[in-house]
Amino acid sequence: MNIILLGPPGAGKGTQSRRLVEERGMVQLSTGDMLREARASGSELGRKVAEVMDRGDLVTDDIVIGLIEEKLKEGAEGGFIFDGFPRTLAQAEALDELLARLGQKLDAVIELAVDDEALVDRISGRYTCAGCGEVYHDTARPTREEGVCDVCGGTEFKRRADDNPESLRQRLMEYYKKTSPLIGYYHAKGLLHRVDGMKPVGEVAAEIDRILDEAAKG
Ligand code: AP5
């Protein structure tokens, strides 16, 4: 089963993807994570995208489509979760073509709907484990033991360079201008499911599970 998690910055796409990987053996394809890895490696691609990401703008379609194409070729038995991709109509059309070429299809697109004010709070309170990437929040989801990752026991944490009020404003603008039209695109294809992302993590997870179980029945 291949699914897209669609939603503004901070909607909970990464949080829900990590759970689906663990519980359903799916493979998470996060273009944001791929771009951050490229940055950290100091590659030419990483240098090219660093400034764009820090400003909160979108990286060009050809770069992210190329990254996704590479990963799709590797295959995934449990299916793919597209997290933060596609973000433009051009990317959505490219994904349709890539999947068709591999004899695959999309099974569901899940829109996580969250109010803008809540997004500001989520983004400003977010931190991740430097070791395993587990996502936490200062108040909504702190580590059980202070300063120790629940998952890997790591004690180093980081905050993202683009998690500041100016970048977030631009990221939201990009989302509403370029990504939100995808809601109509996938609705027209009969694939869209809207989930209330304002609910606690566990309730959002249960709703996603219900949708995926339904979709699996065909
Ligand atoms: P990307 O890394 O994809 O960032 P994003 O879309 O802005 O989304 P986030 O990762 O910020 O949020 P999320 O929805 O995953 O929320 P999370 O689960 O962490 O992209 C970064 C940049 O890369 C882009 O700006 C762009 O420059 C570039 N890029 C990436 N893909 C691209 C593409 N396809 N095309 C062009 N450019 C691209 O949760 C957030 C916080 O909230 C956490 O602290 C979490 O603990 C908490 N939380 C989660 N769920 C809940 C809940 N239900 N209740 C309370 N708190 C919650």
Side-chain angles (χ1 to χ4, degrees), residues 4-21 28-39 45-46 48-69 71 81-92 94-95 110-115 117-129 133-143 149-151 157-164 166-180 182 195-208:
I4 293 175
L5 292 185
L6 189 66
K13 306 181 293 293
T15 301
Q16 296 298 334
S17 296
R18 290 179 68 84
R19 186 190 63 83
L20 290 169
V21 168
Q28 176 189 12
L29 294 186
S30 157
T31 38
D33 286 349
M34 291 177 209
L35 292 165
R36 279 185 289 278
E37 271 167 34
R39 281 182 74 154
L45 170 66
K48 243 197 223 171
V49 300
E51 255 185 61
V52 179
M53 291 177 78
D54 288 350
R55 273 202 311 269
D57 288 333
L58 290 188
V59 171
T60 55
D61 289 334
D62 55 333
I63 289 180
V64 287
I65 292 166
L67 288 172
I68 287 287
E69 188 169 10
K71 296 285 181 185
I81 308 158
F82 298 98
D83 162 10
F85 178 91
R87 267 175 145 98
T88 62
L89 281 170
Q91 291 179 22
L95 179 61
I110 295 171
E111 179 204 352
L112 295 175
V114 177
D115 298 348
E117 308 85 74
L119 296 174
V120 176
D121 172 68
R122 287 190 187 183
I123 292 289
S124 40
R126 171 170 53 189
Y127 59 100
T128 55
C129 171
E134 189 63 11
V135 187
Y136 296 99
H137 186 275
D138 290 330
T139 51
R141 190 177 180 252
T143 53
C149 175
D150 297 353
V151 177
F157 297 87
K158 48 187 187 179
R159 294 188 188 251
R160 274 168 44 178
D162 59 345
D163 279 353
N164 60 71
E166 297 77 46
S167 298
L168 176 61
R169 214 169 301 126
Q170 182 59 16
R171 282 157 67 195
L172 272 175
M173 193 74 87
E174 291 283 80
Y175 176 77
Y176 289 119
K177 267 199 308 209
K178 298 176 183 167
T179 308
S180 64
L182 297 184
V195 169
D196 180 0
M198 294 293 288
K199 293 196 172 143
V201 174
E203 286 181 37
V204 175
E207 182 60 12
I208 292 176

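Just follow the structure's listing: the first ligand is 1, and inside any ligand the first atom is 1. In this chain, residues are counted from 1 in sequence order.
Close approach of ligand 1 to D57 is summarised as follows: ligand atoms under 4.0 Å from at least one heavy atom of the residue are 26 (C), 27 (O). Residue G197 has at least one heavy-atom neighbour below 4.0 Å for each of these atoms of ligand 1: 53 (N). Those atoms of ligand 1 that come under 4.0 Å of a heavy atom in H137, given as number and element, are 44 (O), 46 (O). Taking a cut-off of under 4.0 Å to the non-hydrogen atoms of G14, the atoms of ligand 1 that pass are 13 (P), 15 (O), 18 (O). Near Q91, the atoms of ligand 1 lying under 4.0 angstrom from a non-hydrogen atom of the residue are 33 (C), 34 (N), 35 (N), 36 (C). When each atom of ligand 1 is checked for a heavy atom of A11 under 4.0 Å away, the hits are 14 (O), 16 (O). Listed by number with element, the atoms of ligand 1 under 4.0 angstrom from any heavy atom of P200 are 53 (N). The atoms of ligand 1 that sit less than 4.0 Å from any heavy atom of I123 are 11 (O).
Checking side-chain atoms of E203 against main-chain N and O of K199 turns up no donor-acceptor pair under 3.5 Å. Under the 3.5 Å distance criterion, the side-chain polar atoms of H137 are matched with a main-chain donor or acceptor of D121. The closest donor-acceptor contact from the side chain of E69 to the backbone of V64 lies at 3.5 Å or more, if one exists at all. For the pair T128 (side chain) and G133 (backbone), a donor-acceptor distance under 3.5 Å is absent. Using modelled atom types, one side-chain atom of N164 and one backbone atom of E166 make a donor-acceptor pair closer than 3.5 Å. In this structure a side-chain-to-backbone donor-acceptor pair under 3.5 Å is present from E174 to L58.
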query = Is there a side-chain contact (heavy atoms from CB on, under 4.5 Å) between L6 and L112 once you walk through the steps?
reply = CA-CA 6 Å; L6 189 66; L112 295 175; over 6 Å; no
Chi angles and distances behind the side-chain contact (heavy atoms from CB on, under 4.5 Å) call for L35, V52:
CA-CA 11 Å; L35 292 165; V52 179; over 6 Å; no
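Between K13 and D83 there is no salt bridge, since none of the side-chain N atoms of the basic residue sits less than 4.0 Å from a carboxylate O of the acidic one. Salt bridge absent: D138 and R122 never bring a charged side-chain N and a carboxylate O closer than 4.0 Å. E134 has a carboxylate O that lies under 4.0 Å from a charged side-chain N of R141, or vice versa, which qualifies the two as a salt bridge.
Taking any N or O of G84, backbone or side chain, at least one lies under 3.5 Å from an N or O belonging to ligand 1. Ligand 1 has a nitrogen or oxygen under 3.5 angstrom from a nitrogen or oxygen of G10. In terms of polar-atom proximity, G12 is counted as a contact of ligand 1, with an N or O under 3.5 Å from an N or O of the ligand. Residue contacts with ligand 1: G7 is placed with no nitrogen or oxygen under 3.5 Å of a nitrogen or oxygen of the ligand (distance criterion only). Of the N or O atoms in Y127, none lie within a sub-3.5 Å distance of an N or O in ligand 1. Geometrically, ligand 1 and V204 share no nitrogen or oxygen pair separated by less than 3.5 Å. Distances between N or O atoms of K13 and those of ligand 1 include at least one value under 3.5 Å. Between T31 and ligand 1, at least one N/O pair is under 3.5 Å apart. The N/O atoms of R36, backbone and side chain alike, include one that comes under 3.5 Å of an N/O atom in ligand 1. Polar contact with ligand 1: absent for S30 (N/O pair, distance under 3.5 Å).
Nearest protein heavy-atom contact of atom 37 (N) of ligand 1 is V59 N, 3.0 Å. For atom 45 (C) of ligand 1, the closest non-hydrogen atom of the protein is T15 OG1, 3.8 Å. Summary of contacts: the protein heavy atom closest to atom 53 (N) of ligand 1 is K199 O, 2.8 Å. Scanning the protein for heavy atoms near atom 19 (O) of ligand 1, the closest one is R126 NH1, 2.6 Å. With hydrogens left out, the protein atom closest to atom 23 (O) of ligand 1 is M53 CE, 3.3 Å, a heavy atom. Atom 28 (C) of ligand 1 has L35 CD1, 3.6 Å as its closest protein atom, hydrogens excluded (heavy atom only). When only non-hydrogen protein atoms are considered, atom 52 (C) of ligand 1 lies nearest to R122 NH2, 3.3 Å.
Heavy-atom proximity to atom 43 (C) of ligand 1, evaluated over V135, L67, L172, D54, is greatest for V135. The option from Y175, Y136, F85 that lies nearest to atom 44 (O) of ligand 1, judged by heavy atoms, is Y136. Considering each of E134, R160, R39, the one bringing a non-hydrogen atom nearest atom 10 (O) of ligand 1 is R160. Here atom 6 (O) of ligand 1 lies nearest to R87 when heavy atoms of E51, R87, R171 are compared.
Residues satisfying the side chain to side chain contact (heavy atoms under 4.5 Å, CB included) criterion with D162, sequence neighbours excluded, are R160, S167, R171. Residues satisfying the ring-ring contact (aromatic ring centres under 6.0 Å, His included) criterion with Y127, sequence neighbours excluded, are Y136, F157.
At a heavy-atom cutoff of 4.0 Å, ligand 1 is contacted by both the backbone and the side chain of V201. Of all the heavy atoms of A140, the ones lying under 4.0 Å from any atom of ligand 1 belong exclusively to the side chain.
Counting heavy atoms of neighbouring residues, nucleotides and ligands inside a 6.0 Å radius, atom CE of M198 exceeds 12 of them.
Nearest heavy-atom pair, Q16 versus V201, reported as atom, atom and distance to 0.1 Å: NE2-O, 3.3 Å. The two atoms that bring L172 and P8 nearest to each other are CD2-CB, 4.1 Å, heavy atoms only.
Between D61 and T88, the side chains place a donor N or O and an acceptor N or O closer than 3.5 Å (distance only, hydrogens not considered).
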